[in-house]
Enquirer: 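Pasting in a structure now, in structure tokens, and then I'll have a few things to ask.
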Number of protein chains: 2
Amino acid sequence: MKTPLQEPTFLILTALAEGPMHGYGLILKVTELSQGRLSIRPGTLYGSLDRLADDGLVTVDRNEIVDGRARKYYRLTKEGFSLLRAETERMRRAVEAATSRLNGRAAAQPLTAPLGPNLAGGVA
Amino acid sequence: MKTPLQEPTFLILTALAEGPMHGYGLILKVTELSQGRLSIRPGTLYGSLDRLADDGLVTVDRNEIVDGRARKYYRLTKEGFSLLRAETERMRRAVEAATSRLNGRAAAQPLTAPLGPNLAGGVA
DNA sequence: ACCTAATACCTTCGTTGCGAAGATATCTTC
DNA sequence: GAAGATATCTTCGCAACGAAGGTATTAGGT
């Protein structure tokens, strides 16, 4: 698998970490996880699932028929969990690095700290 | 600019949040920020800088000659800072979502909590 | 009965960001 | 004088993503 993971792939793994889920459910879940900012498309989802399956990070859990509609459930493999853990750590470090640089150096510093001209404005 | 940002672009903005920096310095800085796991290549850097400049997120700060070698310094614009803030927040939420799912639901839960079979093994 | 929306699957195709590789030039070190 | 570090930039291929559309069933509204 090619790390660093991109956002859609990361969120798919995150959603699956909660438990097995079917494709359409993943589309809804990822939209919810990103608070509506990122709505994943079928082309993205199934392409991503194919790649993840090829790399042994997800597998098909089971097939169900609910109200006459087919549902294919996917779940994370051990490797999938491992990768998600590693990627989460990597992202956490990146977020920390950015945060400390945006908040005048010290990471835990309150927002009332003196800010430079470029840091002053919030949303430009 | 097309969000979500990918890792290399995010780290370039993060490095520039510290202050103006020239291309070669960015290559070294990003490698340092990612603790050696991601070493950014010139093709990635200059392609990325071009796109960021087109989108008004970075600008050329100044040109210097140091020991006969040209140095071109880039810096973040206001929009660059804004975008980095927004992207950092987005990533923080994604990290939190993944963390809570990896650590048996409650985010602040100790690691001694009961784990399912797939969650048991650390690094597979 | 008919149409629309929601649920559920999947494919094709274009764009684009990234990575590998290499070209160019100067200064330093051996 | 060769090699390596510093410093710039370009070309090219690939793979992930996003948009769009195709198929099928069920539920709800009129």
Side-chain angles (χ1 to χ4, degrees), chain A residues 1-13 15 20-34 36-55 57-58 60-74 83 87 90 94, chain B residues 1-13 15 20-34 36-55 57-58 60-74 83 87 90 94:
Chain A
M1 189 59 189
K2 213 188 77 175
T3 64
L5 253 40
Q6 291 192 39
E7 184 89 355
T9 306
F10 182 84
L11 291 177
I12 289 169
L13 292 183
M21 202 170 290
H22 64 286
Y24 188 69
L26 281 170
I27 292 179
L28 301 180
K29 192 68 179 176
V30 165
T31 302
E32 179 200 320
L33 280 179
S34 71
R37 263 168 293 97
L38 183 79
S39 92
I40 202 172
R41 297 311 183 106
T44 304
L45 176 72
Y46 293 106
S48 195
L49 283 175
D50 283 349
R51 278 172 253 128
L52 291 169
D54 281 347
D55 294 329
L57 302 173
V58 309
V60 174
D61 188 62
R62 65 187 188 276
N63 287 287
E64 274 186 5
I65 306 284
V66 177
D67 290 330
R69 289 187 223 92
R71 278 186 180 174
K72 189 188 272 187
Y73 280 80
Y74 300 87
L83 186 79
E87 285 296 293
R90 188 184 49 70
Chain B
M1 190 56 190
K2 214 189 72 173
T3 65
L5 254 41
Q6 291 192 40
E7 184 91 355
T9 306
F10 182 84
L11 291 177
I12 288 169
L13 292 183
M21 202 171 290
H22 64 286
Y24 189 69
L26 281 170
I27 291 178
L28 300 180
K29 192 67 179 179
V30 166
T31 301
E32 180 200 321
L33 280 179
S34 70
R37 262 167 293 99
L38 182 80
S39 95
I40 202 172
R41 296 310 183 103
T44 303
L45 177 71
Y46 292 107
S48 193
L49 283 175
D50 283 348
R51 278 172 254 129
L52 290 169
D54 281 347
D55 294 327
L57 302 173
V58 309
V60 174
D61 189 63
R62 63 187 188 275
N63 287 289
E64 274 186 5
I65 306 284
V66 177
D67 293 328
R69 289 187 223 94
R71 278 188 181 173
K72 187 189 275 187
Y73 280 81
Y74 300 87
L83 186 79
E87 285 295 294
R90 188 184 50 70

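Basis for what follows: all heavy atoms, side chains included, without hydrogens, waters or symmetry-related copies.
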Enquirer: Which atom names give the shortest non-hydrogen contact between E7(B) and L38(B), and what distance separates them?
Expert: CG-CD2, 4.0 Å
Enquirer: I want to check something: taking the side chain as every heavy atom from C-beta on, are T9(B) and L52(B) in contact at a cut-off of under 4.5 Å?
Expert: yes
Enquirer: Measure the spacing between CZ of R41(B) and CG of L45(B) and express it to the nearest 0.5 Å.
Expert: 12.5 Å
Enquirer: Check the distance between dT15(C)'s C1' and R51(B)'s CZ and give it to me in whole angstrom.
Expert: 12 Å
Enquirer: Both R71(A) and P4(A) contact DNA chain C. Which one's nearest nucleotide lies toward the 5' end?
Expert: R71(A)
Enquirer: Answer yes or no: does a side-chain N or O of T9(A) lie under 4.0 Å from OP1 or OP2 of dA16(D)?
Expert: no
Enquirer: Working to the nearest 0.5 Å, report the span between CE of M21(A) and CZ of R71(A).
Expert: 11.0 Å
Enquirer: Any idea which of dC10(C), dT7(C), dT8(D) is nearest the Y24(A) side chain?
Expert: dT7(C)
Enquirer: Nearest heavy atom decides the nucleotide; on that basis, is T3(B) or G23(B) closer to the 5' end of DNA chain D?
Expert: G23(B)
Enquirer: Any idea which of dT25(D), dT26(C), dC17(D) is nearest the R69(B) side chain?
Expert: dT26(C)
Enquirer: Answer with base, sugar-phosphate or nothing: what part of the nucleic acid does F10(B) contact at a heavy-atom distance below 4.0 Å?
Expert: nothing
Enquirer: Which value, rounded to the nearest 0.5 Å, describes the distance between L11(A) atom CG and S48(A) atom OG?
Expert: 10.0 Å
Enquirer: Counting the atoms with a prime plus P, OP1 and OP2 as sugar-phosphate, which does K72(B) contact under 4.0 Å by heavy atoms, base, sugar-phosphate, or nothing?
Expert: sugar-phosphate
Enquirer: Would you indicate what Y73(A) reaches in the nucleic acid, counting non-hydrogen atoms under 4.0 angstrom: base, sugar-phosphate, or nothing?
Expert: nothing
Enquirer: Check the distance between dT8(D)'s P and I65(B)'s CD1 and give it to me in whole angstrom.
Expert: 11 Å
Enquirer: Once you round it to whole Å, what is the distance between C1' of dT8(D) and CZ of R62(B)?
Expert: 17 Å
Enquirer: Quick one: does I12(B)'s side chain get under 4.5 Å of L49(B)'s, heavy atoms only?
Expert: yes
Enquirer: So for atom CZ, which belongs to R62(B), do other residues, nucleotides or ligands contribute more than 12 heavy atoms lying within a distance under 6.0 Å?
Expert: yes
Enquirer: Can you check the M21(B) CE to dA7(D) P distance for me, whole Å?
Expert: 12 Å
Enquirer: Nearest to the side chain of Q6(B), which nucleotide is it out of dT6(D), dA8(C), dC18(C)?
Expert: dC18(C)
Enquirer: If I take atom CD in residue E64(B) and atom C1' in nucleotide dT6(D), what distance separates them, rounded to the nearest angstrom?
Expert: 15 Å
Enquirer: Specify the residues of residues 38-50 of chain A, ordered by number, for which at least one heavy atom lies under 4.0 angstrom from an atom of DNA chain D.
Expert: L38(A), R41(A), P42(A), G43(A), T44(A), S48(A)
Enquirer: Return the value, rounded to whole Å, for the distance between atom CG of D67(B) and atom C1' of dA5(D).
Expert: 12 Å
Enquirer: Just how far, in rounded Å, is C1' of dA8(C) from NZ of K29(A)?
Expert: 18 Å
Enquirer: Report the distance from atom NE2 of H22(B) to atom C1' of dC9(D), rounded to the nearest whole Å.
Expert: 14 Å
